[in-house]
Amino acid sequence: MRGAHMLDIRAIRQQPDEFKRKLGRKKVHPAIIDELLTADEAWRANLAETERLKNLRNTTSEAIARKKKNGEDATDDIAQMKEVGNRIKELDDIIRQQDERIREILLSLPNVPHDSVPEGASEDDNPVIRTWGELPKFNFEPKPHWEVAENLGILDIERAVKITGSRFVLYKGLGARLERALAAFMLDLHTDKHGYTEMFPAFIANEESLVGTGNLPKFGDEMFKLEGLPYYLIPTAEVPLTNYYRDEILSVDQLPTKFAGYSSCFRSEAGSAGKDTRGLIRLHQFQKVELVLLVHPDKSYEMLEQLTRDCADVLEALELPYRQIEICTGDLGSKDAKKYDLEVWIPASNTYREISSCTNFEEFQARRANLRFRPDESSKPEFVHTLNGSGLAVGRTVAAILENNQQADGSVRIPKALVPYMGGIEAIQAPASVKA
RNA sequence: GGAGUGAUGGCCGAGUAGGUCGAAGGCGCUCGCCUGCUAAGCGAGUAUACGUCUUAAAAACGUAUCGAGGGUUCGAAUCCCUCUCACUCCGCCA
């Protein structure tokens with residue numbers, strides 16, 4: 001028996017050309033689809049044969065039982081069934097291998113992009129949907145956030161590197177307080193105003209969960225694996241939250257399910273050597289409030305807009321200028337059907353940087369994680385649609401606040417909404433004697 | 001970490017000297033009947049996956065599933081092995 005896969009094999013059988021065209025937008029070679037269909041056909045032929053033999057064995061076994069009860073001889077039947085049994089074993093072996101190959105191909109195929117996703121070759125082709133807020137004007141040269149932070153003594157990168165290694169940081173004093181305040185503020189906003197249920201998961205997940213969200217088998221290199229154990233440090237709370245109802249069937253009134261989860265996120269950042277080597281932008285560990293939605297398939301695109309809105313609300317409440325872009329085919333992730341990014345203004349780099357990704361995965365994760373719902377009492381289970389968005393990445397939010405709100409004297413103004421979370425502090429001041 | 005017990009359908013719970021067991025019984029749920037209302041009562045139904053068939057779905061048929069995987073056997077919920085999880089006791093520990 002075969003578990004659910006990311007793409008519906010039956011749909012591919014029926015409309016192979018449609019899938020070739022759509023997956024072609026993600027640079028999937030059509031030959032893969034042909035290989036898949038060939039393997040599928042052979043698999044089904046063998047399956048039909050072994051099922052026929054099993055049926056024969058079942059009926060004959062019943063006959064043997066009857067004969068024995070009546071004191072009749074059944075040795076011929078038993079001898080015949082021994083052979084049938086061997087043939088079944090052979091066939092089942094072949095079927096298992098074919099099944100694994102099919103599963104391998106299906107698990108490696110990316111999600112089908114939604115028709116509305118704009119065509120494009122790379123991130124340079126992502127259209128800007130809208131921009132919000134006024135860019136800050138400085139009458140001095142704005143410093144990058146790591147300089148602002150170290151001058152204030154609220155971030156200690158040198159010692160973090162001593163303790164652990166590069167791409168790790170340590171928040172100190174009001175820096176640690178700011179990190180904590182932001183997480184609490186974001187969680188409160190999403191739970192109180194946006195109707196999410198707060199979740200605090202374990203930061204370690206097993207392989208099944210990572211297959212469920214689509215991080216495995218393709219992207220194992222991007223995560224930290226625990227030595228000798230089938231466990232990984234989670235790259236995002238998306239993993240535990242999306243897997244929360246794995247292998248379960250929800251009732252329709254449980255939709256939409258909206259989770260807001262805070263966690264540390266661990267990323268190996270393999271392949272990004274030399275990129276964003278300074279500051280809080282790209283770390284092996286950062287904290288994030290993640291929003292995860294399980295929704296009715298008819299509602300998922302509507303919900304993607306709402307989710308993006310919920311994440312944008314955080315930026316607006318924090319008075320941070322940002323823009324929303326739509327990810328084009330060339331930049332779309334393997335798991336994604338459609339995605340918006342929110343990018344926050346980073347003055348010292350004179351650019352916008354991603355601070356939230358809001359994605360509709362449609363059935364992709366639901367199939368892998370076997371996440372279903374029953375539309376009504378009498379109907380069969382269907383796959384839900386899953387979405388998630390960062391609401392927000394905390395480290396990058398700290399960076400954005402430090403850079404956008406820095407003052408000529410080196411202090412940093414705390415956004416009004418955050419002041420209560422900072423114990424009433426309205427600005428982080430440079431200490432009289434800076435201790436680095 | 002040591003010792004022991006256990007894992008059955010939405011839930012509870014039978015079933016271990018292997019043979020019409022997808023699985024008794026109860027509860028819950030759905031539909032119908034009945035009764036001023038409610039409750040009770042009566043009757044029927046109530047898993048999932050995959051395959052075949054079908055334009056498609058449903059139905060029908062087949063196969064599989066009694067924690068997971070493997071083995072013995074013509075035949076396994078029932079016997080054997082491995083693993084996972086839960087509970088109890090002891091030790092350790094934030």
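All of these numbers come straight from a predicted model, not from anything done at the bench. Every chain is numbered from 1, with letters handed out A, B, ... down the list of sequences.
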Checklist entry - Are A/K54 and B/rU63 close enough that a side-chain N or O sits under 4.0 Å from OP1 or OP2? => result no

Item to check | Criterion ring pair (Phe, Tyr, Trp, His ring centres under 6.0 Å) against A/H190, the qualifying member of A/Y262, A/Y196, A/F259 | outcome: A/Y196

Checklist entry - Separation of A/E100 atom CD from B/rG69 atom P, in whole Å? => result 13 Å

Checklist entry - Once Watson-Crick and G-U wobble pairs under 3.5 Å are found, how is RNA chain B written in dot-bracket notation, 5' to 3', with | for any base paired to another strand? => result ((((((((.[[[..)...(.....]]]((((((.......))))))((((((.......)))))).[[[[[..)....]]]]])))))))....

Checklist entry - OP1 or OP2 of B/rC50 less than 4.0 angstrom from a side-chain nitrogen or oxygen of A/R44, does that happen here? => result no

Item to check | Euclidean distance for C1', B/rA86 against B/rU8 (whole angstrom) | outcome: 15 Å

Next on the checklist: Once you apply a heavy-atom cut-off of 4.0 Å, does A/L47 come out as touching a base, just sugar-phosphate, or nothing?
Outcome noted: sugar-phosphate

Next on the checklist: Tell me whether the count of non-hydrogen atoms from other residues, nucleotides or ligands lying under 6.0 Å of CD in A/E41 goes above 12.
Outcome noted: no

Checklist entry - Think A/N58 has a side-chain N or O under 4.0 angstrom from the OP1 or OP2 of B/rA64? => result yes

Checklist entry - If each of A/A48 and A/R52 is mapped to the nucleotide of RNA chain B with the nearest heavy atom, which maps nearer the 5' terminus, i.e. the 5' end? => result A/A48

Checklist entry - Has A/K380 got a side-chain N or O lying under 4.0 Å from the OP1 or OP2 atom of B/rA49? => result yes

Next on the checklist: Please report the distance separating the P of B/rU82 from the corresponding atom of B/rU5, rounded so that it comes out in whole Å.
Outcome noted: 15 Å

Checklist outcome for this item: RNA chain B nearest-nucleotide lookup for A/I249 and A/T50: closer to the 5′ end is A/I249

Item to check | Residues A/D92 and A/K89 bridged, charged N to O under 4.0 Å | outcome: no

Checklist entry - Taking CG from A/L53 and P from B/rA64, how many angstroms apart are they, rounded to a whole number? => result 12 Å

Checklist outcome for this item: Taken to the nearest whole Å, CD/A/Q254 to P/B/rG10 is 15 Å

Checklist entry - Quick one: A/R372 CZ to B/rA47 P, roughly how many Å, whole number? => result 14 Å

Item to check | Phosphate OP1/OP2 of B/rG51 contacted by A/R10 side-chain N/O (<4.0 Å) | outcome: yes

Checklist entry - Near A/Y231 OH, under 6.0 Å, is it more than 12 heavy atoms from other residues, nucleotides or ligands? => result no

Checklist entry - Is the shortest distance from a Lys or Arg side-chain nitrogen in A/R309 or A/D313 to a carboxylate oxygen in the other one below 4.0 Å? => result yes

Checklist entry - CZ of A/R13 versus C1' of B/rU54: gap in Å, rounded? => result 14 Å

Next on the checklist: For the C1' atoms, the ones on B/rC66 and on B/rG4, what distance do you get once it is rounded to whole angstrom?
Outcome noted: 24 Å

Checklist entry - Could you state the CG-P distance from A/D247 to B/rC85, rounded to the nearest angstrom? => result 16 Å

Item to check | RNA chain B-proximal residues of residues 67-79 of chain A, any heavy atom under 4.0 Å | outcome: A/K68, A/I78

Item to check | For the student: nearest non-hydrogen atoms of A/A160 and A/L170, plus distance | outcome: CB-N, 3.6 Å

Next on the checklist: Could you tell me how far B/rC90 sits from B/rG28 if I compare only their C1' atoms? Round to whole Å.
Outcome noted: 41 Å

Checklist entry - Does A/R374 place a side-chain N or O at less than 4.0 Å from the phosphate oxygens OP1/OP2 of B/rU48? => result yes

Checklist entry - Taking the same atom, C1', in B/rU20 and in B/rA77, what whole-Å distance lies between them? => result 16 Å

Checklist entry - Is a salt bridge present between A/E302 and A/K299, judged by a nitrogen-to-oxygen distance below 4.0 Å? => result no

Item to check | Separation of the C1' atoms in B/rG62 and B/rG6, to the nearest angstrom | outcome: 35 Å

Checklist entry - Reckon A/R57 touches a base, only the sugar-phosphate, or nothing at all at heavy-atom distances under 4.0 Å? => result sugar-phosphate

Checklist entry - Expressed in whole Å, how much space separates the C1' atoms belonging to B/rG75 and B/rC21? => result 13 Å

Next on the checklist: Are there over 12 heavy-atom neighbours, none belonging to A/E426, within less than 6.0 Å of that residue's CD?
Outcome noted: no

Item to check | A/E382/A/R372 ion pair, N-O < 4.0 Å | outcome: no

Checklist entry - Which is it for A/K288 and A/T236 under the side-chain contact (heavy atoms from CB on, under 4.5 Å) test, yes or no, and what are the steps along the way? => result CA-CA 7 Å; A/K288 180 158 59 72; A/T236 158; 2.8 Å; yes

Next on the checklist: Rounding to an integer number of angstrom, what distance separates B/rG45 and B/rU88 when you compare their P atoms?
Outcome noted: 41 Å

Checklist outcome for this item: Atom CD of A/E41 and atom C1' of B/rC50 are separated, to the nearest Å, by 17 Å

Item to check | Whole-Å distance separating the CD atom of A/E382 from the C1' atom of B/rU48 | outcome: 15 Å

Checklist entry - Do the side-chain N or O atoms of A/N55 get closer than 4.0 angstrom to the phosphate oxygens (OP1, OP2) of B/rG62? => result no

Checklist entry - Would you say a side-chain N or O of A/R96 is under 4.0 Å from OP1 or OP2 of B/rA64? => result no

Checklist entry - Of the nucleotides B/rU63, B/rG19, B/rA56, which has the atom closest to the A/I64 side chain? => result B/rG19

Checklist entry - Do the charged groups of A/R282 and A/E269 touch, with an N to O distance under 4.0 Å? => result yes

Next on the checklist: Closer than 4.0 angstrom, basic N to acidic O: yes or no for A/E104 and A/R101?
Outcome noted: yes

